[in-house]
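See structure below.
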Amino acid sequence: MASIVGVSSLYWSPCLELPKRALPYLSPSSQLPPFCGLRASATAMGCCCSLHSSRPTAAPPRLLVPSAVASPNSVLSEEAFKGLGEFSKSSLDGEEGSEEYYGSEEEEAEGSVVGSEEELAIANLGLPEQLVSTLEKRGITHLFPIQRAVLLPALEGRDLIARAKTGTGKTLAFGIPIIKRLTEDNDGRRISRRGRLPRVLVLAPTRELAKQVEKEIKESAPHLGTVCVYGGVSYNIQQNALARGVDVVVGTPGRIIDLINSNSLQLGEVKYLVLDEADQMLAVGFEEDVEVILEKLPSDRQSMLFSATMPGWVKKLARRYLNDPLTIDLVGDQDEKLAEGIKLYAIPTTATSKRTILSDLVTVYAKGGKTIVFTQTKRDADEVSMALTNSIASEALHGDISQHQRERTLSGFRQGKFTVLVATDVAARGLDIPNVDLIIHYELPNDPETFVHRSGRTGRAGKEGTAILMFTSSQRRTVRSLERDVGCKFEFTSSPPMQEVLESSAEQVVATLQGVHPESIQHFLPTAQRLTEELGTNALAAALAHLSGFSQPPSSRSLISHEQGWVTLQLTREQGYSRGFFSPRSVTGFLSDVYPAAADEVGKIYLIADERVQGAVFDLPEEIAKELLNKQLPPGNTISKIMKLPALQDDGSPTDNYGRFSNWDRGSRGGSRERGHRGSRNWGGRDYDSDDGFRRGGRSYRTGNSWSRSSRGSDDNWLISGRRSGRPASFGSRDRGFGGACFNCGRTGHRASECPNN
Ligand SMILES: Nc1ncnc2c1ncn2[C@@H]1O[C@H](COP(=O)(O)OP(=O)(O)OP(=O)(O)O)[C@@H](O)[C@H]1O
């Protein structure tokens, strides 16, 4: 352990690690488990907080404050932490009823419990001036909840296990206390002694994350020497940087081991260890390397472990390598695990329609801002990016792309040189790209945790964002499971109608036009005036259409399959005119009577979900649909072209595909909380991307599980009835439980061949 601690006159309770005022934004929780340090739900940034200490509660509670606190230069502002003593004392004295008291609801409403702006102000915390000033320059003036929760115990020298939602500032949560301690050890001076050995080691699972963490520390503390080491690039630069002397080393485990083995990196003076995204180390196969490194560290050190989940290996690490760690959990088991401010949509698609819909989604939901599209495979990332590039500037990011190119791609995306990044899950973890407006899950993630991390690339640092999940009909239940596991709610909607796409495109063009330099405009003014005289507003409309990429009129598109050249029609029948049971079969029968060509060509047919309405929607080729709309219909029947799908009867597969999460710790459902062993995740065949390219060379590792795989190619479950491609209605679901409607009687659960009415 790091040498903590002078003991101040204040009190510390192991059961109450931080007082109510030391935890800004936190409100009381009625259910405090025994020995739980603290459990409260946050009223800002959507946090739930619990702190657990494994220390026994018998010892008289005392507040441990680092010795640094006692010195006038480094003291944490008494003002900022003024609640510490009051709270602990009152708890101990039994005031307000019990130790678990955190203030009444009235107090909370008045804001007296949640901490004031002033208390959170970084300038008031007695942090080194350089640090306050560099943070301020970066717009960081107040602590976020995880930073506030970690600060004090970290300064006390406690080993920590911490968990907070994505984008809530975990890097500075460990960065601020470490920078404070290093700066004070240097007496605030820049030390540039050649050959000095690192005092801080931060381990990150991917190169991108390592670089990002190092950048954040470097920008916050330019007076400290920081070096980032990772694979895929030459050793020389990293070795030279280490030889010059360094305070903080951030890196991926593989390269760190190589540097240790070549004697370029010596860990004998490491006082602070940070394991960032510890569970991801396991997921990318770094567990052995991490343990090798930890064995080489001095035992007299402070360790902080950040992890979204606690699989067995991480627990084992904590037991073996952390000293009496304090757990700070700002997520909790029950709460929504996504940061607030992320609006979630779920949009039904089919394998064939995905790409068409994708660019519409980007146009309508990102409105010209930054989007990250997540695919499962490297090949999909390449292909989707390529297909998008016709209409929207986009680039792919995955493990097969060279490190230099990946860096160029990320930097181009950060700078807004292109607006859509199509990535495999390597980009999901930890990457902090400012102002990403939209996340699209082009394919369902492998597990809820990946969903949280992918989605968490937007809505960062308290901002708003949107995440869209594209799913096929057979994945509907998995989407519901995802809602349960993540504690979130999707708004189920259909892909945007063409009119909305056109309007959004036009708006984006208008925004671009506003950026045109006035001098350039002057050059075009005479032509514009002439055109306006000749064509009126049509001239401007033509320019907007062209710039929006719609020089040709948009071709019609099915609302069901999204295929071009198809339209979706709705048939409704008044109750009194019913010819018996209304089913997909009766729709084809009806079409045969009215216009046989329509019955021959009809695509997918869905019954409308509203029980008060006898109706169905179906797809037809555009020309046939035009003809049909001109036909005389029997009384009581109406056919119209629709722009938006009504709610449709769910024909989803009756099998619950929750097994797809079988490797995922499903806590609330009582399953094992540990991931399955590696062998169970081994797929052959497809180029599912893991962080392989992000790790030390050699090992090949594939992610994925039966969840995504079993759902692949099952889009035919959409099909209730149809003759396109000459297939019977049940074609796609032959090997699974039949979820569609019987072609004969219209009831669900059996095929026409098994129909009892036959
Ligand atoms: N106190 C603060 N005030 C304003 N911005 C902050 C503050 N702390 C951190 N940030 C910014 O918030 C963003 C997210 O921080 P960070 O990347 O550390 O989040 P994270 O919790 O590690 O996210 P993830 O779980 O996705 O890795 C960064 O751009 C960071 O500079």
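Atoms within a ligand are numbered from 1 in the order they appear, just like the ligands themselves. This one's a predicted model, so the numbers in the text were calculated from it and none came from an experiment.
Less than 4.0 angstrom separates some heavy atom of Lys165 from each of these atoms of ligand 1: 21 (O). If you number the atoms of ligand 1 from 1 as listed, the ones under 4.0 Å from a heavy atom of Glu277 come out as 27 (O). The ligand atoms of ligand 1 that sit less than 4.0 angstrom from a heavy atom of Thr171 are 16 (P), 17 (O), 18 (O), 22 (O). Within ligand 1, counting atoms from 1 as listed, the ones closer than 4.0 Å to a heavy atom of Glu216 are 30 (C), 31 (O). Listed by atom number, the atoms of ligand 1 under 4.0 Å from His142 heavy atoms are 1 (N), 2 (C), 3 (N). Heavy-atom contacts of Arg138 reach the following atoms of ligand 1: 31 (O) (cutoff under 4.0 Å).
Between Gly169 and ligand 1, a contact under 3.5 Å exists for at least one N or O pair. At under 3.5 Å, a nitrogen or oxygen of Asp432, whether backbone or side chain, sits near a nitrogen or oxygen of ligand 1.
Using a 4.0 Å cut-off between charged nitrogen and carboxylate oxygen, Glu395 and Lys417 do not count as a salt-bridge pair. A salt bridge does not link Arg207 with Glu407: every distance from a Lys NZ or Arg NE/NH1/NH2 to an Asp or Glu carboxylate oxygen is 4.0 Å or more.
Put simply, the side chain of Val150 reaches to within 4.5 Å of the side chain of Ile328, judged on heavy atoms.
Taking the six-membered ring for Trp and the full ring otherwise, the centers of Tyr345 and Phe490 sit at least 6.0 Å from each other. A centroid separation of 6.0 Å or more is found between the aromatic rings of Phe374 and Tyr442.
If you check the side chains of Arg255 and Gln238, you find a donor sitting under 3.5 Å from an acceptor. Ser394 and Ser385 share a side-chain donor-acceptor pair at under 3.5 Å. The closest side-chain donor-acceptor pair between Thr226 and Glu214 falls under 3.5 angstrom.
Nearest residue to atom 22 (O) of ligand 1 from Gln147, Lys170, Arg163 is Lys170 (criterion: closest heavy atom).
The proximity of Thr168 to ligand 1, defined as any non-hydrogen pair under 4.0 Å, involves the side chain as well as the backbone.
The shortest heavy-atom distance from His453 to ligand 1 is not under 4.0 Å. Distances from ligand 1 to the non-hydrogen atoms of Gly167 include at least one value under 4.0 Å.
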